[in-house]
Amino acid sequence: MATAELAGKHLVLGMSGGIACYKIAELTRLLTKAGATVQVVMTEAATQFITPVTMQALSGRPVYSSQWDGRVPNNMAHIDLSREADAIVIAPASTDFLAKLAHGMADDLLSTLCVARDCPLLVVPAMNRQMWQNPATQRNVAQLRADGIEVLGPDSGPQACGEVGDGRMLEAAATYEAIASFFQPKILAGRRVLLTAGPTFEPLDPVRGITNRSSGKMGFALARAAQQAGADVHLIAGPVALETPWGVIREDVQTAQQMYDAVMRAVPDYDIFIGVAAVADWRVDQVSEHKIKKTAGRIVPAFNFVENPDILASVAKLPHAPFCVGFAAESGDLDVHGEQKRVRKNVPLLIGNLGPLTFGLDDNEVVLFEAGGATKLPRAGKQALAGTLIAEIARRLPDTSLIR
Ligand code: C5P
């Protein structure tokens, strides 16, 4: 999550009854931490699962649940609450509440304000697998989609009732990601983005190897930003301890050769390739089958290195190459090396990290190198910077890459 990425957004968080109400405490915390203001509205049933006091404490606002609430001077809570909102999110959305929405019913505060809304509506279903599969529920969900309502999830897995299947609510973090994504402009809608991220690991023997200090943060942040911008995103990652961004397909690899093979397999289906990985330039030519033993008096081992394939340059050379973006982490003279590297790799855009190596840090300062010259961007957190870079990439896409 980027700091304050939902600043200025006001959400009505509508809770209907279900055991997944416990997840909404965490969701409220995530939304407010990102800068959103959250007005919780609960159905009578929701108040049986978690108290309005808890939701008030977490959202910092009194909770509404009754149509007849005397706190609203004109007694028009159903109008006032939705008029202030940038979106209404129903989480959890029970079987019953989905049915009510699909039929435009308005018999309590939450359903009434949904019917009276003039803002987008997102629903996050949560129910037993049989209830989800029930033809009536499926009909209602299809109707909601046809009415332009966003349906987030549901997830699949173990359920509170002990059964396993589709219907459980997305976790709070995934729900947050889906909401954050909803608010981003879809500047990469219809585009397919392939990225590499993280370091590679080149084994010496079964237990040792050579790697580097890339954390993968910048590549993962770009994958998240591209997904939020509406692209289909495939992320090929070296060994990193990072969670897969929501909605992104991830493939894990270890070595540069594996990364090369994975990229070459996938790339015909993509129109943008962003090489963010810090790929090892060399690997040992013979990986020892057994652990290299340290024996007294024995001379230290020596290794012969061979060069790894350059993934970015190889992709850029393909006959129907996607729009290619490279990265460069230099320890000095970036202005000279950055442009040289861009030309050598034959890519239209190369992003150079300014200053000391940025590996592992949460922020970054970069220069864009392209045929027309170099442009420096202000220092920013990696997630915010990723959003800016995706916008910069989107601006530069040739129309011809729309259909490959
Ligand atoms: O040559 P250098 O490693 O500095 O180039 C960095 C850029 O090239 C990055 O975009 C990186 O992902 C990519 N690269 C690659 N395959 C390599 C080496 C670098 O794709 N073997």
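Order of appearance sets the numbers: ligands from 1, and atoms from 1 within every ligand. Everything quoted here is computed from the prediction, not taken from an experiment.
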Suppose we measure from atom 20 (O) of ligand 1 to each protein heavy atom; which comes out shortest, and what is that distance? L312 N, 2.8 Å
In the protein, which heavy atom is nearest to atom 6 (C) of ligand 1, and how far is it? F327 O, 2.9 Å
Check each of K341, R344, K345, M259 against atom 4 (O) of ligand 1 and report the one with the nearest heavy atom. K341
Does even one non-hydrogen atom of A278 get within less than 4.0 Å of ligand 1? no
Quick test: of every protein heavy atom, which one is nearest to atom 10 (O) of ligand 1, and how far off is it to 0.1 Å? G275 O, 2.5 Å
the protein heavy atom lying closest to atom 11 (C) of ligand 1 turns out to be A277 O, 3.2 Å
T255 backbone acceptor or donor facing Q258 side chain under 3.5 Å: yes
Considering non-hydrogen atoms of the protein only, which is the closest contact for atom 17 (C) of ligand 1, and what is the distance? V279 CB, 3.5 Å
Would D269 and R192 count as a salt bridge (charged side-chain N to carboxylate O under 4.0 Å, His left out) here? Give the steps. CA-CA 7 Å; D269 292 332; R192 288 152 299 164; 5.6 Å; no
Give the C-alpha distance, both sets of side-chain angles, the deciding distance and a yes or no for side-chain contact (heavy atoms from CB on, under 4.5 Å) between L13 and I24. CA-CA 9 Å; L13 184 51; I24 311 309; 3.6 Å; yes
Residues F220, S215; criterion side-chain contact (heavy atoms from CB on, under 4.5 Å); working and verdict: CA-CA 9 Å; F220 275 57; S215 64; over 6 Å; no
What distance separates D281 CG from E307 CD, expressed to the nearest 0.5 Å? 7.0 Å
So, taking the atom named CG in L349 and the one named CZ in F327, what distance separates them when rounded to the nearest 0.5 Å? 8.5 Å
Quick check on D310 - does any of its heavy atoms sit under 4.0 Å from an atom of ligand 1? yes
If you count the atoms of ligand 1 from 1 in the order shown, which ones are under 4.0 Å from a heavy atom of G326? 10 (O)
If the test is side-chain contact (heavy atoms from CB on, under 4.5 Å), which one of L144, D96, V115 qualifies with L101? L144
What protein heavy atom is closest to atom 16 (N) of ligand 1, reported as residue, atom name and distance in Å? I311 N, 2.9 Å
Can you tell me which residue and heavy atom of the protein come closest to atom 21 (N) of ligand 1, and the distance to 0.1 Å? P309 O, 2.9 Å
A256 to ligand 1, any heavy atom closer than 4.0 Å: no
A cation-pi test, strictly: NZ or CZ of R71 under 6.0 Å from the centre of the six-membered ring of Y64 and no more than 45 degrees from its axis. Yes or no? yes
Indicate yes or no: does an N/O atom of A328 lie under 3.5 Å from an N/O atom of ligand 1? no
Is it true that D205 and R208 have a side-chain N and a carboxylate O under 4.0 angstrom from each other? yes
